[in-house]
Amino acid sequence: TIRSGDRVLLVDKRGKRYLVKVEEREFHTDLGILRLGELIGKPYGSRIESHRGETFVALKPDINDIIAKMRRGPQIVHPKDAGIIIAYAGISPGDTVIEAGAGSGALTIFLANAVGPHGKVISYEVRKDFYEIAKKNIELAGFSERVTLKNKNIYDGIEEESVDHIVLDLPQPENVLPYAVDVLRPGGYFVAYTPCMNQVHRFFQALEEYRGHFMRPRVVEVLVREHEVKRECMRPKTTMLAHTGYITFLRKL
Ligand code: SAM
């Protein structure tokens, strides 16, 4: 049931989406004005009509809706990359994950969703302005209780002990290796997302000193090719997101 203060995703007949907070107030769209208070007490999936008679469906927003609509600071990790990070590292309900940098908080939200209500994500963000953006976005996603955000530089050290995984999206993940070997539990993963090949190369040079602490590393890149499905023609779309980043996985011994 929708309660006052809940966020709902309104979808109009064109598929346009609006993320709104339900309160006794009017919400203006180009298809007319909605009285949001009418949704209070109704189940998700209910329809609401604008003063012009246009219908909107009220859905419960999922994490992708939140990430699509939230304010952005730095470039976010794409869902295709977040998905493989969670799957390959086996990030599970109840896990404790160290993350840096939080940035806009998109990957933080994916990780918080994966660890569930009994898990924990501790995320370091060195920039105060991005820390503030991430904090708001994590609140918007409803994950404040399972996420601890720290306005700190992870290159100075990790304050936590015995964590399940470390997930990094920052320029020099090799700077975190000396701390990772101390705090990562055996069997846990060190994951580094880096946009550039030379970052991967530099990381592997630094890794030589720590190779005895980890199983054989794995580096992947994820390509998702979407398809166009029309009655007369089914084929791959002509454009695609060609590159986001390289993802390096190390498993602690
Ligand atoms: N993964 C994030 C998301 O999905 O929204 C985006 C991360 S953004 C590309 C990289 C972030 O790392 C920036 O916000 C930057 O300020 C932060 N950062 C860079 N070096 C850092 C460090 N040593 N400690 C903590 N944060 C750091």
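Counting convention: from 1, in listed order, for ligands and their atoms alike. Side chains are part of it too, since the values below use all heavy atoms of this structure and drop only hydrogens, waters and symmetry mates.
Taking both residues in full, the closest heavy atoms of Phe143 and Ala112 are given as CD1-CB, 3.6 Å, listed atom of the first, atom of the second, then distance.
Under the ring pair (Phe, Tyr, Trp, His ring centres under 6.0 Å) criterion, Tyr193 pairs with no residue, sequence neighbours left out. Partners of Glu38 under the salt bridge (charged side-chain N to carboxylate O under 4.0 Å, His left out) rule, at least two apart in sequence or in another chain, are Arg35.
Contacts classified as salt bridge (Lys or Arg N to Asp or Glu O under 4.0 Å) and involving residues 199-221 (residues at least two apart or in different chains) are given here: Glu174-Arg202.
The side-chain contact (heavy atoms from CB on, under 4.5 Å) test with Ser4 is passed by exactly one of Leu39, Val22, Ile40: Ile40.
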Query raised in the report: For Thr55 and Lys13, what are the C-alpha separation, side-chain angles and deciding distance, and is it a side chain to side chain donor-acceptor pair (under 3.5 Å)?
Result: CA-CA 7 Å; Thr55 302; Lys13 65 180 180 191; over 6 Å; no
Distance dump, ligand 1 polar atoms to protein, N/O, under 3.5 Å:
from: ligand 1; atom 1: 1 (N); to: Asp169; atom 2: OD2; distance (Å): 2.8
from: ligand 1; atom 1: 4 (O); to: Val77; atom 2: N; distance (Å): 3.0
from: ligand 1; atom 1: 4 (O); to: Leu107; atom 2: N; distance (Å): 3.1
from: ligand 1; atom 1: 5 (O); to: Ser104; atom 2: N; distance (Å): 3.1
from: ligand 1; atom 1: 5 (O); to: Gly105; atom 2: N; distance (Å): 3.1
from: ligand 1; atom 1: 5 (O); to: Ala106; atom 2: N; distance (Å): 3.2
from: ligand 1; atom 1: 14 (O); to: Glu125; atom 2: OE1; distance (Å): 2.7
from: ligand 1; atom 1: 14 (O); to: Glu125; atom 2: OE2; distance (Å): 3.2
from: ligand 1; atom 1: 16 (O); to: Glu125; atom 2: OE2; distance (Å): 2.6
from: ligand 1; atom 1: 23 (N); to: Asn153; atom 2: OD1; distance (Å): 2.7
from: ligand 1; atom 1: 24 (N); to: Ile154; atom 2: N; distance (Å): 3.0
from: ligand 1; atom 1: 26 (N); to: Val126; atom 2: N; distance (Å): 3.2

